Amino acid sequence: MSRHKKKTTQPKEWYRLDNAAKIYPVIMRSRHGGYFRLAVLLHEPVDPAILQQALEATLKRFPFFAVRLRRGLFWYYLESYDGKPMIEPDVQNPMRPWTRKEIKKYLFRVRYDQRRISVEFFHALTDGNGGLVFLKTLTAAYLRLRGRFCGIGAGALDINRPADSGEMEDAYKRYSDFRVVHRPRETKAFHLQGTIMPGHWLQIISGVLPLDRVKSVARSYGISVTEFLAGVYLYQLYRIQQQGGYNTLAPVRLSIPVNVRRFYPSKTLRNFSLYVNPGILPAFGTYTLEEIFGLVHHFMRYTVNEKYLNALMCANVGPEQSIWLRLAPLPLKNMVMRLVYHFVGESRFTSSLSNLGPVDMPEGMAEAVERFEFLLGPSRYNPVNCAVVSTGNQLLVSFSSTMIETDAQRAFFKELVRMGIPVRVESNTLYPEVD
Amino acid sequence: MSYCVNCGVELDRSEKACPLCGVEVLNPRQPYDDQAPRPYPKRLDPIYARINRRFTAAILSIAAAFPAVLCLAINFILDGGLTWSFYVAGALAVVWVFVVPYFLYAKPTILKIFLPDVLAVSLYLLLISKLQADGSWFLTLAMPMVILTCGLILLNIVLIDAGTIYGFAIPASILISAGILTVGVELIINLELIGRLQLGWSLYVLIPTLAVAAFFLTVARRQSIREEIRKRLHL
């Protein structure tokens, strides 16, 4: 009785979805939706009971992560949820799509395996960098409960301090200045085709590369690691398009998320990234790998700067401020947004390559951590997506694919081996038991 | 450590074959170890189908049962017995048998769906014949027609499913079956009405169907005709 009373007197906190998050509930389907997974591989086995404690303590520091997705009349929104967050054992087929029931609980799943702690996020909640802050804070809290010393800083927050309101702001809205609005005109890109894996299976193939070797090869071409990996991947996708019996000259484009926090003093832990899509137009002629490196390099230099990104951001935020769109009821808005997504979203690129970059760790954590891992979830038009993260000298390139054919992954890793970069491959392939 | 001989990449201890190309690891110095630490454990996350088929079946059953029960009740209250409501309830039961098995089987096949339908139609006809004063037509008229129709459909399904009949032979087979069905129906009706087997109007149906079926069969047998048709009618 008293509990009931308490509920009615304390209204629940709620949060608007940020600009980038708005699309994810709309495009969510039973097979795909915006998901990603971050994991940390420790040196010692994980103790589930302590991890559970650490999660409960960490979530108090992240009140805007303790939310569930609700439907309003005009928009989806996030509402505080006070159910107990439960850790789950890890699985061979991660990133199972959230069901309609599950989005009414937490929008993340914390999982553990022998030495691994992993968190799967629904993209409406946060982006890779926000997720990484959560994972680092959780890992630091876990290590401290295990009796190890682990400092704060370098992305790991102090769980004894209250949350900062700046951490939950919609930074897109705050920093778009509407000097100019620019959305690049892009035509439909080339898409890989193949046999869909049965049972919503997500095939994961990761390659572990030595970062110093990758860096030195990239430097020899005068480009950065992201540009190098994007160039190699683009070149292989282009070769598959030319030689794989596709009979098309559609542009081959990659979508590369850019962390906009680099350019603005925002502390936000919600989404704050934008996408630039470097690519090549095979209709113009035959490309060599060096040409592609040059194209990607200069495209990235042209786009990844504060002015260009702000113009992109304004193009995204602009429609959201239109009174007519805001007044449209949610089902109508969903239809419009799905159409817009169809025409300017994922169909404009061939694959994603998301590079979280080198993960820096607070004092004391590096001794306990072997590496961080990063995975992208299944998407609608593009069967293969690529996620990159590096820890120390280990660069981890993980391909997640919804199709059986592994041509793109194989060509990518083979090209790296040809360039003299050793690759160690691991996967979640299911091998039938032999007696 | 083992390397894939085809791709040149080093393979993790937990890989039995190269995940990139499927070539098996054959390293006598380091055979595949099932117990090696795996990047992902062997536990599988169950995937729930968005549409719960059993739930759909239950909803459909309730939707069919409600009017049936209602009619039976009204019939019983107004007339003091069950008369016309049997027609409604029986028809709904037939519809139920037509629709619901599709949702109940995990892997519905055509035969699993079709055979209960035949049974349902026969039982419904039997019910109608029992409700009428003179129900003798059931054995002499209804059952032969049901058996003939369903037998021909079943034969086509089985032959097409098994791949014995394919391509242009499929329309030929369906047309021949339709011709035979018309002749059979006339024979059954004549036997009932005038007491002997006599053919009349059904021949006008049989002959065109056989003619068109012959055309399809010819096309099915002759590669050159198929090529010619594909050439002239290509889109």
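Here is the naming used below: chain letters follow the sequence lines, and residue numbers restart at 1 for every chain. All values reported here derive from a predicted model rather than from experimental measurement.
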If you count the non-hydrogen atoms of other residues, nucleotides and ligands that lie under 6.0 Å from [atom1] in [X], is the total more than 12?
X: A:Asn247; atom1: CG; result: no
X: B:Phe114; atom1: CZ; result: yes
X: B:Arg222; atom1: CZ; result: no
X: A:Arg418; atom1: CZ; result: yes

Drop me the distance from [X]'s [atom1] to [Y]'s [atom2], to the nearest 0.5 angstrom.
X: B:Tyr3; Y: A:Arg424; atom1: OH; atom2: CZ; value: 10.0 Å
X: B:Leu44; Y: A:Arg96; atom1: CG; atom2: CZ; value: 11.5 Å
X: A:Phe412; Y: B:Leu20; atom1: CZ; atom2: CG; value: 11.0 Å
X: B:Cys18; Y: A:Ile205; atom1: SG; atom2: CD1; value: 7.5 Å

### Query
Quick one: side chain to side chain contact (heavy atoms under 4.5 Å, CB included) partners of B:Arg221, sequence neighbours excluded?
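Per chain and number, B:Arg221 pairs via side chain to side chain contact (heavy atoms under 4.5 Å, CB included) with no residue.
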### Query
For B:Cys71, what residues pass the side chain to side chain contact (heavy atoms under 4.5 Å, CB included) criterion, not counting sequence neighbours?
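Side chain to side chain contact (heavy atoms under 4.5 Å, CB included) check on B:Cys71 returns B:Trp84, B:Ser85, B:Val88.
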### Message
Which residues in residues 382-398 of chain A have any heavy atom closer than 4.5 Å to a heavy atom of chain B?
### Response
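Contacts with chain B: none.
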Can you find a heavy atom in the side chain of [X] that is under 4.5 Å from one in the side chain of [Y]?
X: A:Arg410; Y: B:Asn6; answer: yes
X: A:Phe413; Y: B:Cys7; answer: no
X: A:Glu426; Y: B:Arg38; answer: no
X: A:Val425; Y: B:Pro19; answer: yes
X: B:Pro41; Y: A:Gln92; answer: no
X: B:Tyr40; Y: A:Ile204; answer: yes
X: A:Arg115; Y: B:Pro37; answer: no

### Message
Under a 4.5 Å cutoff for heavy-atom pairs, which residue among B:Cys4, B:Ala17, B:Gly8 has the most contacts with chain A?
### Response
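Highest number of pairs under 4.5 Å: B:Ala17.
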Atom group of [X] that falls short of 4.5 Å from chain B, counting heavy atoms:
X: A:Asn93; value: both
X: A:Leu41; value: neither
X: A:Pro89; value: both

### Query
With a 4.0 Å cut-off, would you call B:Arg43 and A:Asp90 a salt bridge?
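Here B:Arg43 does not pair with A:Asp90 in a salt bridge, since their nearest N and O are not under 4.0 Å apart.
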Side-chain donor-acceptor distances from residues 99-106 of chain B under 3.5 Å, at least two apart:
none

### Message
Let's go through B:Lys42 and A:Asn428 carefully: what are the C-alpha distance in whole Å and the side-chain angles of both, what is the deciding distance for side-chain contact (heavy atoms from CB on, under 4.5 Å) to 0.1 Å, and is it a yes or a no?
### Response
CA-CA 9 Å; B:Lys42 284 183 178 172; A:Asn428 73 336; over 6 Å; no
